[in-house]
2 protein chains.
Amino acid sequence: MTDSDIISNFLKSVDVKSNEKVFSEFQLVLKVLRYPKKQIVLKENQIGQFAYLIIEGAARSYYLHNGLEVHTWFSFEGEFIGSLRNHDGLPSRETVELLEDSILLSFDMMRIKELMKIFPEITNFIYPVINEYAQFLEDRLFYTHLKSAKEKYDALIAYQPQVLRRVPLTFIASYLGISRETLSRIRAK
Amino acid sequence: MTDSDIISNFLKSVDVKSNEKVFSEFQLVLKVLRYPKKQIVLKENQIGQFAYLIIEGAARSYYLHNGLEVHTWFSFEGEFIGSLRNHDGLPSRETVELLEDSILLSFDMMRIKELMKIFPEITNFIYPVINEYAQFLEDRLFYTHLKSAKEKYDALIAYQPQVLRRVPLTFIASYLGISRETLSRIRAK
DNA sequence: CCAATCATTTGATCTATGTCACAAAATCAT
DNA sequence: ATGATTTTGTGACATAGATCAAATGATTGG
């Protein structure tokens with residue numbers, strides 16, 4: 001897939017009904033990035049103005065706590081990396097690192113906000129994206145809240161089965177808040 | 001405060017810049033509700049079309065798990081009750097019950113969605129609300145993720161100090177995923 | 001204002017899960 | 001390929017926090 005294929009696929013998917021002018025302006029704030037495994041997309045405490053959609057690949061998000069990496073989420077195709085707070089000039093609480101060679105679609109949020117002032121109709125196709133993202137967060141919050149290690153593990157598998165296939169056990173254990181030994185034993189049934 | 005004071009305060013706070021027509025149409029989908037303590041606002045598995053903003057009072061959200069109430073959140077003045085999934089016709093995962101006599105502002109989301117089709121400019125003042133809500137969820141998700149009982153307790157106190165004053169210990173323990181005995185001991189330092 | 005209910009505390013065990021230590025297996029780089 | 005490094009699995013032991021029990025303290029409704 002070429003870069004422009006990726007961009008036009010995305011624009012099709014959000015159902016842009018705006019005029020040609022908006023359409024072409026909007027393309028300019030999108031950029032396709034191809035990064036190798038282990039590339040760091042966002043650093044903890046860093047202020048960034050970009051949102052990234054994973055077109056292909058996977059990423060892990062974590063923060064350092066007493067020198068240890070505590071994982072907060074794993075992202076795959078079709079999911080956004082980076083949090084909304086970044087787009088309001090607040091520093092990132094997490095580091096995001098790619099787990100595989102990946103293709104990302106970056107959104108220059110600064111420029112999108114400026115565009116929104118000029119073409120208010122852009123809101124109409126940003127809105128569903130934010131709305132869906134918020135529902136996605138509600139889901140995560142609900143499943144994250146389950147307490148026993150086994151329940152959280154099962155929920156993660158049910159909700160994101162690819163985690164098991166694509167993420168090292170150590171990271172999953174850190175995400176679930178249990179030791180890797182315990183996770184290893186849970187899996188051994 | 002009269003009902004119309006409450007409504008106009010809200011409309012002022014979201015900074016409606018639309019024309020008079022939209023303004024008056026929008027008022028019709030808002031309704032002020034005054035409920036006593038223990039009133040159930042939303043039942044688990046129920047499909048509802050309303051969002052509620054707490055003007056005054058407090059609420060707890062929980063779901064039943066093995067016959068026990070597992071708390072997922074406590075809400076106070078200025079916060080929304082009910083999740084976005086409800087507005088898309090999905091059943092609620094939680095029951096929401098008032099902890100105090102409360103004043104709520106209800107939003108008929110069905111009718112708001114219809115209004116959005118007729119007056120697309122409404123999106124411009126729904127959008128910041130959803131955006132803020134999503135950021136609020138990101139915050140919750142981040143703090144909820146901390147694992148040790150003590151850390152979660154401290155984060156809750158830092159993030160929502162009123163919880164300690166206005167919510168029974170038993171509910172807080174259920175929220176933190178620890179027994180009330182342990183929470184009692186943590187507090188005793 | 002008092003009985004009755006409900007919420008919190010404290011003590012004595014018990015258990016799931018953490019920690020440490022090392023072995024086995026998988027993955028990576030030259 | 002093959003040795004090196006990183007990831008996963010298993011055993012022995014320690015411990016935070018669960019559970020059970022029962023006393024004390026706070027709220028509520030008649």
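Within every chain, numbering begins at 1; the chains are lettered A, B, ... in the order of the sequence lines, protein sequences first and strands thereafter.
Here the P atom of nucleotide C:dC6 and the CG atom of B:L99 are 16 Å apart, to the nearest Å. Residue B:I178 contributes atom CD1, which lies 14 Å from atom C1' of C:dT8 at whole-angstrom precision. Taking atom CD of A:E181 as the reference point, atom P of C:dC20 lies 10 Å away to the nearest angstrom. Rounded to an integer number of Å, the gap from B:F171 CZ to C:dA7 C1' is 10 Å. Distance, A:K150 NZ to C:dT17 P: 11 Å, rounded to whole Å. A straight line from CD1 of B:I172 to P of C:dT9 spans 11 Å, rounded to a whole angstrom. The nearest whole Å value for the distance from the CD1 atom in A:I186 to the C1' atom in C:dG18 is 13 Å.
Of the residues in residues 157-170 of chain A, those placing a heavy atom less than 4.0 Å from an atom of DNA chain D are A:P168, A:L169, A:T170, in numerical order.
At a cut-off of 3.5 Å, with distance as the only test, a side-chain donor of A:E138 or B:Y133 sits close to an acceptor on the other residue.
Between B:Y127 and A:Y127, the distance separating the two ring centers is not shorter than 6.0 angstrom. For B:Y63 and A:F142, the distance between ring centers is under 6.0 angstrom. You'll find the ring centres of A:F119 and A:F26 outside the 6.0 Å limit. Annotation: B:F80 is not in aromatic contact with B:Y52 [ring centroid separation under 6.0 Å not met].
Side chain of B:E79 to backbone of B:F76: a donor-acceptor contact under 3.5 angstrom is found.
Taking the charged nitrogens against the carboxylate oxygens, B:K31 and B:D3 have no contact shorter than 4.0 Å, which rules out a salt bridge.
Checking B:K37 against B:L183, the closest nucleotide of DNA chain D that is more toward the 5' end is the one next to B:L183. Along DNA chain D, the nucleotide nearest A:R185 and the nucleotide nearest B:R185 are compared for position; the residue whose nucleotide lies closer to the 5' end is A:R185.
With a cutoff of under 4.0 Å to any heavy atom of chain B, the contacted region of DNA chain D is bounded 5' to 3' by D:dG17 to D:dT28.
B:D108 is linked by a side chain to side chain contact (heavy atoms under 4.5 Å, CB included) to B:V29, B:Q49, B:F50, B:M110, B:R111, counting only residues two or more places apart in sequence or in another chain.
Distances shorter than 4.0 Å separate none of the side-chain N or O atoms of B:K38 from OP1 or OP2 on C:dC6.
With A:E97 as the fixed residue, the side chain to side chain donor-acceptor pair (under 3.5 Å) test singles out one of A:K43, A:K38, A:R60: A:R60.
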